[in-house]
Amino acid sequence: HTVGDFNEAEGDYLDISNILDGYDADVNSISSFVQITDDGTDSTLLIDHDGGGDNFIKAVELLGYTGVITGTTSTEQDLQQFIANGNLMI
């Protein structure tokens, strides 16, 4: 899927709660299930359905959207902030 106008300020969010198998925020690290990459132009959300951290597949490409992460690949802290801001529903 591709999104061309994702905007945090407008309250946009991604809901991936139905595609994560076995994720429990009290037990699991979200970075085992989700990665965000940023190439300086666009961001890509990748999912590992079972949280093994070894089989990420592209779920959504956010065209023209950057800056959600601190580097080129998300950290646990980046993802937790994206969730806390209400832009990622898990």
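Atoms CG and CG, from L45 and L79 in turn, are 8.5 Å apart once rounded to the nearest 0.5 Å. To the nearest 0.5 angstrom, S74 atom OG is 13.0 Å from Q81 atom CD.
Scanning both residues, D48 and S32, for their nearest heavy atoms gives CB-O, 3.6 Å.
Note on V34: it does not cluster hydrophobically with L46, by side-chain heavy-atom contacts below 4.5 Å among ILVMFWY residues. Residues I90 and F56 are members of separate hydrophobic clusters, defined by side-chain heavy-atom contacts under 4.5 angstrom among Ile, Leu, Val, Met, Phe, Trp and Tyr.
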Please table the atom pairs, donor to acceptor, closer than 3.5 Å between any side-chain atom in residues 14-26 and protein atoms at least two apart or in another chain.
unit_1 : atom_1 : unit_2 : atom_2 : d
D15    : OD1    : S17    : N      : 3.0
D15    : OD1    : S17    : OG     : 2.6
D24    : OD1    : D26    : N      : 2.9

Atom pairs and distances, donor-acceptor, side-chain atoms in residues 36-44, under 3.5 Å, two or more places apart:
unit_1 : atom_1 : unit_2 : atom_2 : d
D38    : OD1    : G40    : N      : 2.7
D38    : OD2    : G67    : N      : 3.0
D39    : OD1    : T41    : N      : 2.8
D39    : OD1    : D42    : N      : 2.7
D42    : OD1    : G64    : N      : 2.6
S43    : OG     : Y65    : O      : 2.7

**Item:** Check against side chain to side chain contact (heavy atoms under 4.5 Å, CB included), V3 and V60
**Value:** CA-CA 7 Å; V3 176; V60 179; 3.8 Å; yes

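For residues 54-67, the pairs satisfying salt bridge (charged side-chain N to carboxylate O under 4.0 Å, His left out) are K58-E61, with sequence neighbours left out.
Annotation: side chain of V68 is not in contact with side chain of T66 (no heavy-atom distance under 4.5 Å). Looking at heavy atoms from C-beta onward, I57 lies in side-chain contact with H49 at the 4.5 angstrom threshold. Two residues are said to be in side-chain contact when any heavy atoms from C-beta on lie closer than 4.5 Å; I83 and I30 meet this criterion. Looking at heavy atoms from C-beta onward, F33 lies in side-chain contact with N28 at the 4.5 angstrom threshold. In this structure the side chain of E76 never reaches within 4.5 angstrom of the side chain of D78, judged on heavy atoms.
No donor-acceptor pair under 3.5 Å is formed between the side chain of N85 and the backbone N or O of E8.
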